[in-house]
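Scroll down for the structure; my scribbles are underneath it.
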Amino acid sequence: MEWQPDEQGLQQVLQLLKDSQSPNTVTQRAVQQKLEQLNQFPDFNNYLIFVLTRLKTEDEPTRSLSGLILKNNVKAHYQNFPPTVAEFIKQECLGNIGDPSPLIRATIASLCMSVSQGSFGALQKICEDSSELLDSDALNRPLNIMIPKFLQFFKHCSPKIRSHAIACVNQFIIGRAQALMDHIDTFIESLFALAADEDSEVRKNVCRALVMLLEVRIDRLIPHMHSIIQYMLQRTQDPDENVALEACEFWLTLAEQPVCKEMLSGHLVQLTPILVNGMKYSEIDIILLKGDVEEDEAVPDSDQDIKPRFHKSRTVTLQHEGGEDEEPEDNEEDDDDDDDTLSDWNLRKCSAAALDVLANVFRDDLLPHLLPLLKGLLFHPDWVIKESGILVLGAIAEGCMQGMVPYLPELMPHLIQCLCDKKALVRSIACWTLSRYAHWVVSQPPDSYLKPLMTELLKRILDGNKRVQEAACSAFATLEEEACTELVPYLSFILDTLVFAFGKYQHKNLLILYDAIGTLADSVGHHLNQPEYIQKLMPPLIAKWNELKDEDKDLFPLLECLSSVATALQSGFLPYCEPVYQRCVTLVQKTLAQAMMYNQHPDQYEAPDKDFMIVALDLLSGLAEGLGAHVEQLVARSNIMTLLFQCMQDTMPEVRQSSFALLGDLTKACFLHVKPCIAEFMPILGLNLNPEFISVCNNATWAIGEVSMQMAITIGRLGYVCPQEVAPQLQQFIRPWCTSLRNIRDNEEKDSAFRGICVMIGVNPAGVVQDFIFFCDAVASWVNPKEDLRDMFYKILHGFKDQVGEENWQQFSEQFPPLLKERLSACYGVIVGEGYWGTHCTAQIVGRNQSWRDVTGLVTLHSADGLLFPRHPVCVSLREGGGRVVGVGG
């Protein structure tokens, strides 16, 4: 049944339309308010189209005005119109397109265009929200029909329709929808046809399409790449910044493609100055960043100034024999070029990122195009241009470092001087750029650049401008990571500055200050454990600790900071450890209780923020690592092992990750309390050996290793005390025992464990026969065993060799890896040489336990005094036609 207006409602709308033509401002304001009220009712749009098309007795200006109001509603809300309203409007427009009045015809035509655009806008929204569904069998793949239709609209006379059509197709590029892949060449040709479109939205969507095609169908673009690059060079300079930004993304994406160097080499001379030019602050950027405000340190931060913080769970750092720490890769944190508060991605940031990635592709080949520009920028009198030059220098630091080294002795003093520039934005970018060259700075003599840079950065940490404080704090943290113990001579000065900043900083920068202090602790380690330094650093940290409530998210960075400080201070943290430990346990307990209540009654309770628990677990790990055996009493007086059992089974991977790190640290520090829980803990650890959650898997593996090591040490000690009882079980545990203890460094625990295993082998030698190669490997892991322990190893190795006989021993030892052969021959002389069996040589015996080298073998010796040493293991330094014994075993 066709819609009909209510007569009273129709009269109200007509009156409103007539009032809206009044010149009286009070009346106009009232009309506007009424229109906003009526727009809440979708039916109102039916009245408007009815007045335009059906009330031919009304004057034309009133009818036309009704159509124009409807047109505005269509533009703003068409996707929210009920289908019945949208259909009624379309029918009325099509039925009255031939109205005798030119004014009404023009109004209806304009309305039709808005309806079309509104329909396409709604269609674009559907494509964005349901791209996979439209290409699925569930709906019989409607995309097969839609894509060709969209491509037809690329030629539409309305730029809005053209723009919507491209945007619709763009939704299906990354997913490689088959319907689009079937028409890919037509799509690309249609994009080329629109390349010079006058409408900026069309140009923006063309650029966006080409960027995505570069990622998924570069094969189709390569034949046209020269023309595409030329086009993108133009568009990156487009007067519309949104178009320029989309085009600039092209260089970022191209840099990731293997063909980048080949395709772009000939265009660097054009591209480089374009990117450099894009790195200047625009006028609007400077306004948003309050670039004219030099001192704002007294202005409190608003909540919007502070980005949400997410704690990263502790990932165990694995130590290898060489002493090098192997950090897991961290891809989550990118180098921010600078202006964090301009959080929107803009042309400046995109240009800087593009220059950065291209510097990594072209390396020093980029410099001939860049260096002539740089000098003019860095010393330019206009601060905006000078600032962009400093940003350029920072952006190329990683990729062009080698080529920049000859220029750094001249540039570094200039950059350090820029830290004192009168413009805050210049000072802040100088901090960032200098941090990018920190590695080089640290490689030079300290007095050349490290000391002056450190001095000026510390001054900037106390700058009157909050942006500069932030940049200086972040830059100093980077310098700390690079310089490490080089900073030890300056610790007093550094701590004075950082502690003074506690009383100076507003909320946001205080959180960054915690990071700088934590990084300092990580970098200088135990050197921080001096009474003078502890007295400076701990009071302000503990004051903040006491100030914050348990539910305050500022605890995250403070707990992270304290975790690093506790690890570095070791026993120096003892006076502060008890309240810190207890609060961490309380945070874990509270979060677990909240999680339990939420799981049982999700409609009554909110889900807890588990970051509180994660960060508390990580600080407990820091305490265990720093305090070592001193943590035992704290653990004994708490229920942490019960809580840990629950945390290890949490559904959130990050909670499990931190739990396993804590378990490993507690195993090292106080195995006494872990030991009773092993039967419950080990199955949970086993379930988490899943590479899908790599950090969880890494920490679970490490924890298993620590537990195994402690168990192995315990077994070894037990075997030393009561070998008769333990030795009969030797065959059951000797292999995992050896593989566990081969990985730890020489220490007293390892010594006592190996003595026990040697005694057990003496009682039950058969128990080790099957896995003797593992015992050999474990023995070879010792760098410098005590003399009596070395003799125990020697007797077991040679006893085994004598027992199996020469031929069997030779076959057995062939299985040994080259390094194992070398270690055992050098230290115990048990590995056969090659080709020198039974060789007679007259030799001078230099003595036992010399440095054994060259070829080792079993030879029959005649010494200078005529004594015979038959088939002794020796080390022979070979010469042509003979040799000289330089060491004798046995």
Side-chain angles (χ1 to χ4, degrees), residues 311 313-314 316-317 491 495 498-499 502 514-515 517-550 552 554-592 612-644 647 658-674 677 703 706:
H311 174 70
S313 300
R314 184 180 175 99
V316 178
T317 301
L491 269 175
L495 288 171
L498 297 179
V499 168
F502 266 108
Y514 294 145
D515 181 57
I517 292 170
T519 307
L520 178 68
D522 291 336
S523 300
V524 300
H526 67 90
H527 296 285
L528 202 57
N529 187 10
Q530 298 291 332
E532 175 201 353
Y533 303 151
I534 295 170
Q535 191 51 45
K536 287 182 181 191
L537 181 59
M538 289 309 298
L541 284 175
I542 294 299
K544 290 290 179 189
W545 168 264
N546 292 330
E547 196 180 296
L548 294 174
K549 293 185 170 64
D550 282 354
D552 193 327
D554 284 3
L555 270 177
F556 295 168
L558 180 55
L559 284 162
E560 288 172 7
C561 172
L562 280 171
S563 178
S564 296
V565 169
T567 305
L569 292 186
Q570 300 173 351
S571 59
F573 198 78
L574 275 171
Y576 311 96
C577 67
E578 187 152 2
V580 171
Y581 179 90
Q582 291 302 339
R583 189 173 189 181
C584 287
V585 172
T586 302
L587 282 169
V588 173
Q589 195 160 321
K590 270 187 182 178
T591 311
L592 286 171
F612 285 103
M613 179 159 65
I614 294 166
V615 81
L617 289 167
D618 288 349
L619 178 46
L620 288 170
S621 281
L623 287 172
E625 188 179 346
L627 299 176
H630 294 294
V631 83
E632 189 274 327
Q633 290 185 356
L634 297 171
V635 174
R637 294 197 297 269
S638 72
N639 62 338
I640 189 61
M641 300 314 296
T642 305
L643 299 176
L644 192 55
C647 292
S658 292
S659 305
F660 299 147
L662 176 55
L663 175 60
D665 284 319
L666 289 176
T667 300
K668 289 166 72 176
C670 53
F671 185 59
L672 171 71
H673 296 291
V674 176
C677 311
E706 291 299 325

For [X], what residues pass the side-chain hydrogen bond (donor to acceptor under 3.5 Å, both in side chains) criterion, not counting sequence neighbours?
| X | answer |
| --- | --- |
| Glu578 | Arg637 |
| Lys668 | none |
| Tyr514 | none |
| Gln589 | Asn639 |

Closest non-hydrogen atom pair, [X] against [Y]:
| X | Y | answer |
| --- | --- | --- |
| Ser658 | Ser621 | O-OG, 4.4 Å |
| Ala568 | Ala521 | CB-O, 3.5 Å |
| Cys561 | Leu541 | SG-CD2, 4.0 Å |
| Ser659 | Cys647 | OG-CB, 3.1 Å |
| Leu619 | Leu562 | CD1-C, 3.6 Å |
| Tyr576 | Ile542 | CD2-CG1, 3.9 Å |

Note to self: Show, in sequence, the C-alpha distance, side-chain angles and deciding distance for Leu666 and Leu644, and conclude whether the side-chain contact (heavy atoms from CB on, under 4.5 Å) test is met.
What the structure shows: CA-CA 11 Å; Leu666 289 176; Leu644 192 55; 4.2 Å; yes

Notebook entry, point to check: So among Thr591, Leu592, Val585, which one has a side-chain contact (heavy atoms from CB on, under 4.5 Å) with Val588?
Noted result: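 Filter result, single survivor: Leu592.
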
Please enumerate all residues that pass side-chain contact (heavy atoms from CB on, under 4.5 Å) together with [X], with sequence neighbours excluded.
| X | result |
| --- | --- |
| Gln530 | Tyr533 |
| Glu632 | Ala636, Cys670, Leu672, His673 |
| Asp552 | Leu548, Asp554 |
| Val499 | Pro540 |

Side chains of [X] and [Y] in contact at under 4.5 Å (non-hydrogen atoms):
| X | Y | result |
| --- | --- | --- |
| Ile517 | Phe502 | yes |
| Cys584 | Leu559 | yes |
| Leu495 | Leu520 | yes |
| Arg583 | Leu555 | yes |

Next item on the list: Output, in order, the C-alpha distance, side-chain angles, deciding distance and verdict of side-chain contact (heavy atoms from CB on, under 4.5 Å) for Glu560 and Asp515.
Entry: CA-CA 8 Å; Glu560 288 172 7; Asp515 181 57; 5.6 Å; no

For the [atom1] atom of [X] and the [atom2] atom of [Y], what is their distance to the nearest 0.5 Å?
| X | Y | atom1 | atom2 | value |
| --- | --- | --- | --- | --- |
| Leu627 | Leu574 | CG | CG | 5.0 Å |
| Leu623 | Thr567 | CG | OG1 | 7.5 Å |
| Leu663 | Leu617 | CG | CG | 11.0 Å |

Which donor-acceptor pairs under 3.5 Å do the side chains of residues 522-529 make with protein atoms, sequence neighbours left out?
from: Asp522; atom 1: OD1; to: Ser564; atom 2: OG; distance (Å): 3.0
from: Asp522; atom 1: OD2; to: Ser564; atom 2: OG; distance (Å): 3.3
from: Ser523; atom 1: OG; to: Glu480; atom 2: O; distance (Å): 3.0
from: Ser523; atom 1: OG; to: Thr519; atom 2: O; distance (Å): 2.8
from: Asn529; atom 1: ND2; to: Leu569; atom 2: O; distance (Å): 2.9

Note to self: Enumerate the salt bridge (charged side-chain N to carboxylate O under 4.0 Å, His left out) contacts for residues 526-541, please, sequence neighbours excluded, ordered by first and then second residue.
What the structure shows: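 Residue pairs passing salt bridge (charged side-chain N to carboxylate O under 4.0 Å, His left out), neighbours aside: Asp496-Lys536, Glu532-Lys536.
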
Notebook entry, point to check: Heavy-atom count around Gln633 CD within 6.0 Å, excluding the residue itself: above 12?
Noted result: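 Count not over threshold, so no.
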
Margin query: Quick check against the 3.5 Å criterion: does Thr667 have a side-chain atom that pairs as donor or acceptor with the backbone of Glu706?
Written below: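 Absent.
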
Item checked: Test ring pair (Phe, Tyr, Trp, His ring centres under 6.0 Å) applied to Phe612 - qualifying residues, sequence neighbours left out ->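 Phe612 satisfies ring pair (Phe, Tyr, Trp, His ring centres under 6.0 Å) with Phe556 only.
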
